[in-house]
Trainee: 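Can you read through this structure? Questions will come right after.
Order of appearance sets the numbers: ligands from 1, and atoms from 1 within every ligand.
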Amino acid sequence: MADLQALIFDVDGTLADTERDGHRLAFNQAFAEAGLDWNWSVELYGDLLAVTGGKERMRFYLDQYRQDSPLPENLEALIAQLHWAKTEHYTRLIAKGEIPLRPGVARLLHCARSAGLRLAIATTTTPANVTALLSSTLGAESLGWFEVIAAGDLVPAKKPAPDIYTYTLEHLDLKATDCLAVEDSSNGLKSALAAGIPTVITVNGYTRHQDFQGALLVLDHLGEPDLPFQVLQGEAGGATYFDLDLARQLVKA
Ligand code: XBP
Ligand code: MG
């Protein structure tokens with residue numbers, strides 16, 4: 001019987017709804033600054049999110065959507081420069097506090113800390129983006145709440161590969177079944193499940209219709225006592241917001 005010891009959080013789309021009005025805008029600012037005619041609409045970005053990692057996403061865009069135009073010379077240097085500029089724009093946007101945490105995230109983090117549960121982050125995004133989001137929403141000291149912040153290029157293969165979650169388990173020195181992952185996307189679910197970690201999903205505008213086969217529970221958000229969640233898949237046993245009792249019940253089931 002598993003005994004819950006740690007919560008492992010994804011970042012983008014899970015802690016905060018950062019993709020449409022955060023990363024996407026930052027990419028477009030970097031493209032415009034570089035004089036490129038690349039512009040990712042809300043709809044196109046939703047398709048591009050099939051690929052995790054900003055650098056990988058730019059390559060995917062060129063391969064799939066810009067076959068008409070010759071590839072820029074020294075493509076890898078251009079992508080690296082664009083990604084650096086995009087990260088600068090993104091961290092500045094996040095530092096302005098324009099994107100809040102999603103419902104229930106701060107409450108669950110505080111409950112977990114009070115109960116002595118260990119916390120970790122497993123994300124595809126760049127470490128600077130995690131620092132910016134945690135600092136702007138929870139304060140700089142919140143970075144110390146997470147024993148492991150596994151992010152970005154730390155591992156060779158990004159989600160849906162299990163690498164980032166396997167790295168996190170190794171550094172927590174915990175078994176997969178003693179943990180619970182919180183994710184927002186099918187790529188994230190595949191990654192966590194491939195590492196053997198039970199997973200709860202909180203969907204967002206981009207991921208609502210994705211396949212979450214294998215998730216313990218799929219919700220519209222984590223909820224608050226005065227803001228009940230909607231269960232989209234699985235059983236919440238009558239709970240109306242996600243708390244540690246529900247987490248333990250799910251892991252033990
Ligand atoms: C989401 C991603 C990231 C972000 C962009 O990460 O796939 O690539 O979209 O950030 P997760 P970067 O859901 O795992 O938190 O440009 O820094 O990659
Ligand atoms: Mg995510």
Trainee: Would you say Leu180 ends up clustered with Leu244 if hydrophobic residues are merged whenever their side chains have heavy atoms under 4.5 Å apart, either directly or through other cluster members?
Mentor: yes
Trainee: Can you name the N, O or S atom of Asp184 that is closest to the Mg ion (ligand 2)?
Mentor: OD1
Trainee: For Val203, run the side chain to side chain contact (heavy atoms under 4.5 Å, CB included) check against Leu232, Leu219, Thr14 and tell me which one passes.
Mentor: Leu232
Trainee: Applying ring pair (Phe, Tyr, Trp, His ring centres under 6.0 Å) to Tyr65 and Trp38, what does each step give before you reach the verdict?
Mentor: CA-CA 10 Å; Tyr65 295 87; Trp38 310 355; over 10 Å; no
Trainee: Using the ring of each side chain (for Trp, its six-membered ring), is Phe27 parallel, tilted or perpendicular to Trp40, with breaks at 30° and 60°?
Mentor: tilted
Trainee: Please list, by chain and number, the protein residues whose heavy atoms come under 4.0 Å of ligand 1.
Mentor: Asp10, Val11, Asp12, Glu19, His23, Phe27, Tyr45, Thr52, Gly53, Gly54, Arg57, His83, Lys86, Thr123, Thr124, Thr125, Thr126, Asn129, Lys159
Trainee: Can you say whether the rings of Tyr167 and His171 are parallel (under 30°), tilted (30 to 60°) or perpendicular (over 60°)?
Mentor: parallel
Trainee: Under 6.0 Å between ring centres, would you say that holds for Phe229 and His221?
Mentor: no
Trainee: Quick check against the 3.5 Å criterion: does Glu224 have a side-chain atom that pairs as donor or acceptor with the backbone of Gly104?
Mentor: yes
Trainee: Which pairs count as side-chain hydrogen bond (donor to acceptor under 3.5 Å, both in side chains) when at least one residue sits in residues 136-156, sequence neighbours excluded?
Mentor: Lys55-Asp153, Arg118-Glu147, Asp153-Lys158
Trainee: Report the name of the N/O/S atom of Asp10 located nearest to the Mg ion (ligand 2).
Mentor: OD2
Trainee: Would you say Glu19 has an N, O or S atom lying under 2.8 Å from the Mg ion (ligand 2)?
Mentor: no
Trainee: Closest N/O/S atom of Asp12 to the Mg ion (ligand 2), by atom name?
Mentor: O
